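As a basis for the values below, the full set of heavy atoms in this structure was taken, side chains included, without hydrogen atoms, waters or symmetry mates. In what follows, residues are counted from 1 in the order of the sequence shown. Note that the structure is predicted; figures quoted are calculated from it, not measured.
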Amino acid sequence: MNSDSIKSEKVGFVGVGLMGHGMAKNIVEMGYKLTTIAHRNRTPVDDLVSRGASEAGTLAELAATSTMIFICLTDSDAIESVVTEMKPALTAGTIIVDCSTANPSSTERIAAELAPLGVGYADAPLGGTPKEAEAGALHAMIGCSEDVFARVEPVLSACTAKIVHLGKLGDGHRMKLLNNFLSLGYGALYAEALALSRKVGISVETLTAWSAAAEWIAASTRPSWGMPSRGTARHTSSPCRMPTRT
């Protein structure tokens, strides 16, 4: 626990859906002052408020009261829309942490637009499922400057089991897309193997029971991605393992 971070950071959280709710819950329960905002579903917001969080009426209000704002949304269009609405109320020294799976080009463009305002940006997509989010066991792959990472890491540690600083801004989103590409590719290859097994008279059940590939696929779909410990990547918890898709 970083008591200095807990005292100094006022956390805003936009997107408290299946993944975001668990993250926000763990952040507020760690002792951070947290402000969130409702979208379609009030249930997660009401739960967070019952745990000590505050609710903002508008994105501008949330931005004005936060020193660090987490975003966990569906795509880059949604992220750009939210940041545009918050922008007039953002103050110098604020950091936005984008935990969505997003377009790296959009990420870099948003960061460039915010830089003259003195607002920092980090892309921090996640490995894991809503179950891991609730348990505080997510993995985060981060792209940002060293000074931004130094502030983001203590807060993100409240809701993750592993944090990897991959390098510059955009590298987190690039890695997440590569990660998903690999996992989808393995899934497609396995599907082809299942189709071929039928043609050669081996049942799907037999292939699944005895195939080493099937065992690897089953293991790889669990939320335990990582990066090799070389190059510029830096991990802050357990040794890294094979990337997986979420």
Pairwise ring pair (Phe, Tyr, Trp, His ring centres under 6.0 Å) hits with a residue in residues 53-106, at least two apart: Phe13-Phe70
Cys144 and His165, any side-chain heavy atoms less than 4.5 Å apart: yes
Heavy-atom side-chain contact between Ile163 and Ser157 under 4.5 Å: yes
Reported CE-to-CG distance for the pair Met23 and Leu48, which is rounded to 0.5 angstrom: 12.0 Å
Ser105/Glu108 under side-chain hydrogen bond (donor to acceptor under 3.5 Å, both in side chains): CA gap, chis, key distance, verdict: CA-CA 5 Å; Ser105 296; Glu108 292 170 338; 4.9 Å; no
Ion pair check, Asp171 and Arg174, cut-off under 4.0 Å: yes
Any Asp98 side-chain heavy atom under 4.5 Å of Tyr121 side chain: yes
Student check: side-chain heavy atoms of Thr94 and Ser66 closer than 4.5 Å: no
Test item: Ile71 and Met86 side chains (from C-beta on) under 4.5 Å apart, heavy atoms: yes
Student check: side-chain heavy atoms of Ile6 and Met30 closer than 4.5 Å: yes
Thr36 side chain reached by Val28 side chain, heavy atoms, under 4.5 Å: no
With His21, the side chain to side chain donor-acceptor pair (under 3.5 Å) member among Thr43, Asp47, Asn26, Asn41: Asp47
Any Leu169 side-chain heavy atom under 4.5 Å of Asp123 side chain: yes
